[in-house]
Amino acid sequence: IYKWHYSGLNRWHGAGSTADFQKIIQERCDTYTQTIRPGSRSRNCQAIRQAFMSAFISKDPCKATKEDYNSLINLAPPTVPCGQQVFWSKTKELAHEYAKRRRLMTLEDTLLGYLADGLRWCGEPGSSDLNIWSCPDWRKDCRTNYLSVFWEVLSERFAESACNTVRVVLNGSLENAFDSMSIFGRVEAPNLRPQVELEAWLVHDTGKPPSDSCSGSSIRKLKSILDGRNVKFRCMDNLSRDQFLQRS
Ligand code: C8R
């Protein structure tokens, strides 16, 4: 029992791969390319599915590198038209609602973000299958797991492609609306290009007072990261969810 537990498919502390991963990727890709963005450059969904699988199948699930995802990302780079990007941190649902209403784009509005949203995946050396029993947990097992590295490298490419004015929706009901350990804080903000302008919106839960503001220490930290890169910064705070969706 001991040996099976620690050497077997169940040894990781995170939930396993999503059932029917390949089928979901293929179906989402078909929907995206045919229905959601039919105007976009025609893309080969079979090749994209295969590149996704080759990135991690048969590999040690704790040894993911950015390079593992190169061929996949090159088939569908997460770029969006100038000035339309929306970043977020701890505000996923709200940022998506905002982007939808304003015809702006989050990473989930690009093909690879759309394909992977909410899914989990990892493989196992010596096997051509996904491990559906368990996958490495970021804290308890390893940070260089395929899921974390995927969002990091995709977010990095998304941020690098930003131009003109872009926005980030931050959670003003948290004590630190800006979290320097989040993907937005670690990967996206530090990869914005000089001359880009970032507009931060601090949005708190309707009916409660905000817990952080543009003059708080977490936003000053964000400002200093951006100053170092010559990224312009504007910040709007004290907006409830309803005010933000209606007025911004
Ligand atoms: N981004 C990052 N992570 C994403 C994601 C995405 O678009 N989409 C999903 N589903 N995830 P958080 P953050 C998953 O603390 O760390 C981009 C990942 O498992 O609320 O600052 C996006 O462009 C990830 O660990 O936000 C956005 O701007 C959590 O959800 C930031 O990065 C996100 O946890 C958001 O990342």
Side-chain angles (χ1 to χ4, degrees), residues 12-18 21 24-25 28 32 52 56 61 64 66 69 72-73 76-81 83-100 102 104-122 135-163 165-193 196 198-205 212 218-219 221-222 225-226 231 241:
W12 308 112
H13 295 86
S17 306
T18 307
F21 178 82
I24 297 172
I25 292 290
R28 285 186 179 180
Y32 186 95
F52 208 143
F56 69 95
K66 291 181 181 181
Y69 286 113
L72 174 64
I73 293 183
T79 51
V80 311
Q84 291 190 12
Q85 264 162 331
V86 177
F87 301 101
W88 51 270
S89 194
K90 279 96 190 170
T91 52
K92 186 177 184 196
E93 188 273 333
L94 175 62
H96 284 84
E97 179 63 30
Y98 166 70
K100 199 169 128 196
R102 298 293 132 103
L104 300 171
M105 296 181 57
T106 65
L107 187 52
E108 278 78 22
D109 296 307
T110 69
L111 177 57
L112 292 182
Y114 180 81
L115 294 188
D117 192 18
L119 302 184
R120 298 182 53 84
W121 61 91
C122 67
C135 288
D137 175 80
W138 192 80
R139 280 171 191 285
K140 294 183 184 150
D141 300 306
C142 53
R143 297 187 175 194
T144 51
N145 64 75
Y146 278 90
L147 198 57
S148 303
V149 171
F150 173 84
W151 286 114
E152 285 164 11
V153 62
L154 197 67
S155 303
E156 181 179 316
R157 295 282 292 265
F158 185 58
E160 280 169 359
S161 76
C163 45
T165 301
V166 295
R167 308 144 196 85
V168 62
V169 185
L170 297 174
N171 193 331
S173 286
L174 298 175
E175 227 162 277
N176 292 304
F178 173 70
D179 170 7
S180 56
M181 292 306 290
S182 66
I183 293 185
F184 174 71
R186 277 184 295 128
V187 179
E188 292 178 326
N191 276 295
L192 292 172
R193 291 186 297 202
V196 165
L198 179 71
E199 251 178 42
W201 297 87
L202 264 66
V203 185
H204 60 269
D205 300 339
D212 199 359
S218 87
I219 298 297
K221 176 90 203 293
L222 171 59
I225 292 173
L226 299 171
V231 171
R241 179 194 160 90

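Basis for what follows: all heavy atoms, side chains included, without hydrogens, waters or symmetry-related copies. Remember, it's 1-based here, ligands and their atoms both numbered in the order they're listed.
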At what distance is the nearest protein heavy atom to [atom], and which residue and atom is it?
atom                    : result
atom 10 (N) of ligand 1 : D117 OD1, 3.0 Å
atom 19 (O) of ligand 1 : W151 CD1, 3.7 Å
atom 21 (O) of ligand 1 : S89 OG, 2.7 Å
atom 13 (P) of ligand 1 : I183 N, 3.5 Å
atom 30 (O) of ligand 1 : W88 CH2, 4.3 Å
atom 7 (O) of ligand 1  : E108 OE2, 3.0 Å

Q.
I'd like to know if S155 contacts ligand 1, where contact means a heavy-atom distance under 4.0 Å to any ligand atom.
A.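 So S155 counts as touching ligand 1.
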Under a 3.5 Å distance rule, please check whether [X] uses its side chain to pair with a backbone N or O of [Y] as donor and acceptor.
X    : Y    : result
R157 : P77  : no
D109 : T106 : yes
S17  : C122 : yes

Q.
So that I know where these two stand, are F150 and W121 an aromatic pair - ring centroids less than 6.0 Å apart?
A.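 Ring centroids of F150 and W121 are less than 6.0 Å from each other.
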Q | Sub-3.5 Å N/O-N/O distance, V86 and ligand 1 | A |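 So ligand 1 has no N or O lying under 3.5 Å from an N or O of V86.
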Q: Consider every N or O of F184 and every N or O of ligand 1, then say whether any pair is closer than 3.5 Å.
A: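 There is such a contact, yes.
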Q | Closest to atom 22 (C) of ligand 1 among E188, M181, K90 (heavy-atom distance) | A |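 Residue with the shortest heavy-atom distance to the ligand atom: E188.
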Identify the heavy atoms of [X] and [Y] that sit nearest to each other, and give their distance.
X    : Y    : answer
A177 : L170 : O-CD2, 3.7 Å
P136 : N145 : CB-CB, 4.0 Å
E160 : R193 : O-NE, 3.3 Å
A162 : L192 : CB-CD2, 3.9 Å
F184 : S89  : CB-CB, 4.0 Å

Q | 4.0 Å protein heavy-atom contact status of atom 17 (C) of ligand 1, strictly under | A |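 Given the 4.0 Å cut-off, atom 17 (C) of ligand 1 counts as touching protein heavy atoms.
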Q. Which atoms of ligand 1 are found less than 4.0 Å from any heavy atom of K92?
A.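 That gives atoms 10 (N) of ligand 1.
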Q: Below 4.0 angstrom from a heavy atom of F87, which ligand 1 atoms are there? Numbered from 1 as shown, please.
A: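 Heavy-atom distances to F87 below 4.0 Å select 28 (O).
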